[in-house]
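Take a look at the structure set out below.
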Amino acid sequence: MNIVVISGGPRKNGRTGIVARMMERTYGFHTLDLSVMEMPLYNGEESQAKEPVIQSLRKAVLEADGVILLSPEYHSAMSGALKNALDFLGSTQFLHKPVALLAVAGGGKGGINCLNNMRTVMRGVYANAIPKQLVLDPDRFDYDIDGLTKEAAEQVHLLVEELKMYARIGNEIKQEQLS
Ligand SMILES: Cc1cc2nc3c(=O)[nH]c(=O)nc-3n(C[C@H](O)[C@H](O)[C@H](O)COP(=O)(O)O)c2cc1C
């Protein structure tokens, strides 16, 4: 199953990257890491569609069976880096696609607004944002292993399992439509 993680933290050594690397190691998911991809700022010009970074972003999301949006909460929303990347995408890539939402927060009871913001935008591109979602505060990380605490890793696992369930259902429906 092809699950793609869009890691929306612009900071190279941030906690968002730790979650992305943990999921890569544990599940073999492909990460689109916005801290290294050097995405241009969306300007609506057709010429941007020819840029290799945009083509690879669009192809990866289009071909994915499911997507995980991973973002730090910035001022009660997703990061600007993630929103900018999503502006290059739309229902062409996301229609009916199962999407899991995961926010990395500062530990002051934040995160939920980032999740709600991502959920609203996913509705805008006709994706299927799944019901389960997760906030990871700084105390959910085990920095010595570049990963998460056991309990947080279990929560991530439940999120991944639910995403895979919806991706399987989506794939079955696609097969039925083809037959
Ligand atoms: C500009 C800015 C705004 C932030 N706003 C919030 C916020 O609204 N709620 C929250 O819980 N944390 C907020 N934080 C804290 C970050 O979400 C937290 O530090 C997170 O770990 C950042 O991701 P990173 O470690 O991948 O860089 C903010 C941080 C920055 C830099």
Side-chain angles (χ1 to χ4, degrees), residues 3-43 53-54 56-58 60-61 64 66-89 93-94 97-125 127 129-163:
I3 305 280
V4 166
V5 178
I6 306 182
S7 182
R11 198 159 69 101
K12 284 194 177 64
N13 298 311
R15 282 180 278 275
T16 311
I18 295 178
V19 186
R21 288 192 293 277
M22 175 268 184
M23 289 198 284
E24 243 173 28
R25 281 196 307 272
T26 312
Y27 303 103
F29 296 160
H30 173 56
T31 304
L32 299 166
D33 182 350
L34 300 183
S35 76
V36 296
M37 280 175 75
E38 299 190 357
M39 299 277 299
L41 188 65
Y42 179 78
N43 66 9
V53 68
I54 305 305
S56 64
L57 171 76
R58 287 178 170 165
V61 175
V67 173
I68 298 176
L69 291 187
L70 178 59
S71 179
E73 180 164 280
Y74 277 0
H75 303 322
S76 303
M78 73 176 85
S79 70
L82 179 58
K83 180 59 168 60
N84 181 60
L86 293 175
D87 288 343
F88 285 101
L89 302 166
Q93 293 81 23
F94 273 113
K97 190 150 301 195
V99 177
L101 307 175
L102 203 157
V104 176
K109 296 196 167 64
I112 190 71
N113 287 315
C114 175
L115 293 173
N116 286 338
N117 181 223
M118 290 193 284
R119 192 169 288 281
T120 301
V121 173
M122 285 301 97
R123 200 221 60 82
V125 294
I130 67 171
K132 196 177 272 301
Q133 57 187 15
L134 188 58
V135 173
L136 292 172
D137 283 338
D139 65 357
R140 310 273 79 195
F141 289 78
D142 184 339
Y143 300 94
D144 292 337
I145 60 164
D146 194 45
L148 299 173
T149 63
K150 191 165 170 287
E151 195 186 51
E154 279 164 12
Q155 289 178 316
V156 169
H157 189 68
L158 292 176
L159 184 75
V160 167
E161 285 299 302
E162 184 167 290
L163 179 68

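Order of appearance sets the numbers: ligands from 1, and atoms from 1 within every ligand. Since the model is a prediction, treat every value here as computed from it, not as a measurement.
The contact set between ligand 1 and Gly14, taken as ligand atoms under 4.0 Å from a residue heavy atom, comprises 24 (P), 25 (O), 26 (O), 27 (O).
Looking at heavy atoms from C-beta onward, Val104 lies in side-chain contact with Phe141 at the 4.5 angstrom threshold. In this structure, the side chains of Met78 and Leu86 come closer than 4.5 Å at one or more pairs of heavy atoms.
Summary of contacts: the protein heavy atom closest to atom 26 (O) of ligand 1 is Thr16 OG1, 2.6 Å. In terms of protein heavy-atom proximity, atom 5 (N) of ligand 1 is nearest to His75 N, 2.8 Å. For atom 23 (O) of ligand 1, the closest non-hydrogen atom of the protein is Pro72 CB, 3.2 Å. Of the protein's heavy atoms, Tyr74 CE1, 3.7 Å lies nearest to atom 31 (C) of ligand 1.
For the atom pair Ile130 CD1 and Met122 CE, the distance stands at 13.0 Å (nearest 0.5 Å). The line from OG1 of Thr120 to CG of Leu115 is 10.5 Å long, rounded to the nearest 0.5 Å. Between Leu57 atom CG and Phe88 atom CZ the span is 8.5 Å, to the nearest 0.5 Å.
An N or O contact shorter than 3.5 Å links Gly106 to ligand 1 by distance.
When heavy-atom distances to ligand 1 are checked against a 4.0 Å cut-off, Arg11 comes that close only through its side chain, counted from C-beta outward.
In terms of modelled atom types and a separation under 3.5 Å, the side chain of Arg119 and the main chain of Ala129 share a donor-acceptor contact.
Screening Leu70, Leu69, Asp33, Val67 for a side chain to side chain contact (heavy atoms under 4.5 Å, CB included) with Val5, the sole residue that qualifies is Leu70.
In this comparison of Glu73, Arg15, Lys109, the heavy atom closest to atom 17 (O) of ligand 1 sits on Glu73.
Remark: distances from the non-hydrogen atoms of Ser76 to ligand 1 include one below 4.0 Å.
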